[in-house]
Amino acid sequence: MPELPEVETYRRYIEASSLGQTIEQFTCEDPRKLLLNDLDEINNRLNGAVFEATYRVGKHLFVRTNLDDWLYMHFGMTGDLGYFHRDEPPPRHARMIFYFTNGYRLGFICPRKFERVGLVADPAAFLAQKGVAPDVMEITPTVFFDHLRRKKSAIKTVLLDQSVVAGIGNWIADDVLFRAKIHPEIPASALEETEKMRIFEAMRYIVQTTIDVEANYLLLPDDFILHARGWGKPHLAGKCPCGKGEILMSRVGGRATYFCGLCQSKK
DNA sequence: TAACCTGTTCACGC
DNA sequence: GGCGTGAACAGGTT
C-alpha cells in the first residue's frame, strides 16, 4: 500500500540491492500502459548504465544512472519491488524487470498496472510540472499553513492533495487527524492556528514513526487509529485507542475515512 | 458471487 | 478557476 513510508522503504531496498549494478536489459510486458517513454528509448539509455543514487519526494521515486539519466518510479496503489536471482522464478506480477550483469534482477511488481516508470531529465522540473508540493518531512509550517488557509475543502481531502503536501495517503491522513484531534470534514480554511500546528506536528510524527518500522503496520504503536480498520491486530479492530469513543466510518472526498466520534468531535 | 479497495487523472456540472 | 463527484484503470481479497 504505497504511501510515503513504503516508497521510502523501497528507496532503501534499491540502495541496498541494486546500487552499483550494471544494467544489461530492461523488459516491460505492457509498455503503452506502464511506461512514460518508449521501451526502446529506455533500453538505449539504460543498457550498460549503472544505478548510482536515489531521490524521493512524497510517493515519487527517482534512481540516477552514471549517465545522469533519472529513472522515475511511481508505485500506484499496489506497486512493490522484488530483487531475485536469475535461477529463481520472478515474483508474481513482476511486469517490469531490470536485468543486472551480476545475475540478479530487480522486478517491479505491478498487480493492477497502476504503476509507472519513465526516464526524466530533471526530477525537480518534472515534479514542478506535475504540481507536486514539498515532501511531508521537508515542508515548512509557513508554506503548509498558507495552503490550508486558501482551501475550503474538508481538511482530510486537502491532506490527500499532493499539490499541498507530498506523501500523505488515505490511512495516514486519518491517523494524522486522529492524533491532532480534528474532525476530517472541517474545512481547512476554518482551522485555528493551534489546530494547524497540531496537524503539522502529527503529520511529521505519523510519517516518521511509520518509516522507522519500514511501513510494517504490525509494528506501529497501538494508539494508531489504523488498527481500527482491522489490518492485522484483531484485538484492536473497530476500537478507538482512547478506549471510550465509537469508531465511525464515512466517506470524505470519496475515500473511506475512519475517525473517533469522541476524540474528533466537530464542536 | 459481488462488493470492496491503498493512488492518480480526467471529465463533468455547478 | 475552485470545488465535488464519479469513472476509469486491473486484479486480489473478502
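Because the structure is predicted, anything quoted here is derived from the model rather than measured. We use all heavy atoms of the structure for the numbers below, so side chains are in, but hydrogens, waters and symmetry mates are not.
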Checklist entry - Between A:Lys130 and B:dT9, is there a side-chain N or O to OP1/OP2 distance below 4.0 Å? => result yes
Whole-Å distance, A:Phe114 CZ to B:dT8 P, equals 12 Å
Check: Do the side chains of A:Phe84 and A:Met96 join up, straight or via other hydrophobic residues, at under 4.5 Å, putting them in one cluster?
Finding: no
Note to self: Would you say A:Ser153 places a side-chain N or O within less than 4.0 Å of OP1 or OP2 belonging to C:dG4?
What the structure shows: yes
Between CG of A:Leu36 and C1' of B:dT8 the distance, given in whole Å, is 13 Å
Here the distance between atom P of C:dG1 and atom NZ of A:Lys151, to the nearest Å, is 13 Å
inquiry  = Once you measure the plane-to-plane angle for A:Trp171 and A:Phe224, does it fall in the parallel (<30°), tilted (30-60°) or perpendicular (>60°) bin?
reply    = tilted
Tell me what A:Gly169 touches on the nucleic acid: a base, only sugar-phosphate, or nothing, going by heavy atoms under 4.0 Å.
-> sugar-phosphate
Exercise. Counting just side-chain N and O atoms, does A:Gln162 come under 4.0 Å of either OP1 or OP2 of B:dG7?
Worked result: no
Whole-Å distance, A:Arg229 CZ to C:dT13 P, equals 19 Å
Rounded to whole Å, CG of A:Leu34 lies from P of B:dG7 at a distance of 19 Å
To the nearest angstrom, the CZ-P distance between A:Arg255 and B:dT9 comes to 13 Å
Sorted by chain and number, sequence neighbours left out, side-chain hydrogen bond (donor to acceptor under 3.5 Å, both in side chains) with A:Lys181 holds for none
Side-chain atoms of A:His93 come closest, of B:dG7, C:dC3, C:dG11, to C:dG11
Of the listed C:dC3, C:dG11, B:dC5, the closest approach to the A:Arg251 side chain comes from B:dC5
* Asked: Is A:Arg116 near enough to B:dT9 that one of its side-chain N or O atoms lies under 4.0 angstrom from OP1 or OP2?
  -> no
(request) Using the ring of A:Phe62 (Phe, Tyr or Trp, six-membered ring only), decide whether A:Arg56 places NZ or CZ under 6.0 Å from its centre and within 45 degrees of its axis. (result) no
Against the side chain of A:Lys59, the closest entry in B:dT8, B:dC5, C:dG11 is B:dT8
Separation of C:dC3 atom C1' from A:Leu148 atom CG, nearest Å, is 16 Å
* To do: Output, in order, the C-alpha distance, side-chain angles, deciding distance and verdict of ring-ring contact (aromatic ring centres under 6.0 Å, His included) for A:Phe75 and A:Phe108.
  => CA-CA 9 Å; A:Phe75 295 86; A:Phe108 193 148; 4.9 Å; yes
Point to revise | Same-atom distance (P) from B:dA3 to C:dA7, integer angstrom | key: 14 Å
Between CD1 of A:Ile155 and C1' of C:dC3 the distance, given in whole Å, is 15 Å
